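Notes for the one structure printed next.
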Amino acid sequence: MAIVVKNTNYNGEVLEQILTLAATGNEIVEKGLIMVIPGVEKKISLPRMKSGKMLQKRKENPKLEDSKGNFNYDEKSLDPKDFMAFTVFNPRAFEQVWRKWQPKGNLVFAELPPEGQNALLSELIKQVKFELGEHYVNGEYGSDDDHLMNGILTQMAKDTEVIIVSGKPSTMLDKLKAVRKAIPKAIRNNPNLRIIMSIDDFDKYDDELTEREAKNASETDVNSKRYKGITIETLAAWPDDLIVATLCSMGPDGNFFAAVNLQDDEDVIQIDKISNASELYFFKLLMKADTNIAFGEETVVLDTREDPVFAVEEKTISISPTSMTFESTGGSQKATVTASGEWKASAAPAGFKVVETDKDLTVTADPNTTQQDKTGTITVTLDSDPGKTAKLSLTVKKQGGGA
């Protein structure tokens with residue numbers, strides 16, 4: 001049964017309360033690092049919007065062809081998976097422990113003293129929250145009881161836009177320096193920016209700071225959990241030698257998201273007899289949960305583990321064809337973009353229009369009524385590395401310049 005009595009030495013009075021083992025809860029939620037979306041029974045999308053450059057020279061009478069910039073919309077999803085906690089126990093197990101805890105009357109659970117009920121429920125909820133916190137961080141969905149859902153790190157590893165820091169710095173100070181340098185400037189001063197690491201890694205960082213003479217805390221104090229003004233968060237479930245910097249919040253202005261069927265699922269527990277004729281009772285808790293990140297390009301990862309999950313991959317982008325030539329009457333042509341991640345195109349030059357899809361560009365050229373060829377260039381840029389670009393040269397033949 002779920003209540004196992006070992007080595008009891010009861011021979012008189014004992015403490016008024018049952019002592020329970022301390023366990024870390026669901027820290028990523030309790031520390032406000034993730035937005036939990038309740039009431040998701042099937043699936044919910046995380047809508048994402050990105051825009052291109054829109055500023056241009058002032059025109060007194062702008063026309064349709066003067067439009068510049070675009071809105072790119074896409075979605076990530078949260079697809080909660082079903083799982084449960086279920087355990088069976090016999091209230092009569094308390095008879096071996098202490099008179100105060102013995103069930104009264106006809107042994108129905110309702111007559112087990114409230115202290116006993118509360119101790120069992122408290123320990124169950126504490127364990128569920130602890131396990132759930134582990135799954136929120138490291139979970140992988142699979143076919144057995146150890147693989148219930150995909151955690152934040154699993155989802156992060158799937159995102160090709162995540163900024164991965166290269167190299168293996170040896171000290172925590174060097175690691176944090178490399179991570180901070182890789183954080184996009186647009187979010188470097190964001191108040192929601194956090195650096196997440198394991199407890200052991202922070203201890204190493206604290207020791208390094210303490211060893212620096214006359215600059216940091218003494219051996220009897222703990223140094224501030226900050227680096228260059230960025231708050232450091234430690235999680236018991238977080239792997240050693242893995243540092244992540246990203247935006248964290250309990251609202252939509254963060255980068256970590258979780259979907260659950262009910263916001264307090266882990267506290268909604270069914271208690272009843274296994275059957276009418278049985279003396280056994282059960283605790284049952286049902287849950288649905290999933291996690292994801294919104295923007296990989298707002299996530300910086302340094303993985304210095306012996307077998308790193310996050311490895312630097314070459315970032316590439318190319319376009320085919322690299323040039324387009326239109327007759328003087330204009331027309332439309334299509335170019336295919338091959339990239340290692342998400343990308344965007346620059347504004348179309350005067351006399352051209354461009355429409356983006358996931359994998360290609362459609363360029364439309366206006367008729368050329370002049371006596372000179374009309375030319376222009378469109379540049380496609382990799383979102384995760386603006387230094388990676390490819391260019392598409394455009395030409396519209398002069399009037400009468402056709403074959």
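Worth saying up front: this structure is predicted, and the values here are computed from it rather than measured.
Within a 6.0 Å radius of NZ in Lys42, other residues, nucleotides and ligands contribute 12 heavy atoms or fewer. Counting heavy-atom neighbours within 6.0 Å of Gln371 CD, excluding the residue itself, gives a total above 12. Other residues, nucleotides and ligands contribute at most 12 non-hydrogen atoms within 6.0 Å of the CG atom of Asn276. When the shell of 6.0 Å around CG of Asp272 is examined, it contains more than 12 heavy atoms from other residues, nucleotides or ligands. Counting non-hydrogen atoms of neighbouring residues, nucleotides and ligands closer than 6.0 angstrom, the NZ atom of Lys168 exceeds 12 such neighbours.
Ring orientation note: the planes of His135 and Phe83 are tilted relative to one another, at an angle of 30° to 60°.
Taking the ring axis of Phe202 as reference, the NZ or CZ atom of Lys225 stays within 45° of it and closer than 6.0 Å to the ring centre.
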Please walk me through it: do Phe282 and Phe86 pass ring pair (Phe, Tyr, Trp, His ring centres under 6.0 Å)? CA-CA 7 Å; Phe282 68 86; Phe86 181 78; 5.7 Å; yes
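Looking at Val301 and Met156, their side chains come closer than 4.5 Å, going by heavy atoms from C-beta outward. Using a 4.5 Å heavy-atom cutoff, the side chains of Lys76 and Ile293 are in contact. Residues Ile37 and Ile44 are in side-chain contact: their nearest non-hydrogen atoms beyond the backbone lie under 4.5 Å apart.
Ser328 and Asn368 share no side-chain donor-acceptor pair at under 3.5 Å.
For Arg305 and Asp240, the salt-bridge test fails: no basic side-chain N is under 4.0 Å from an acidic carboxylate O.
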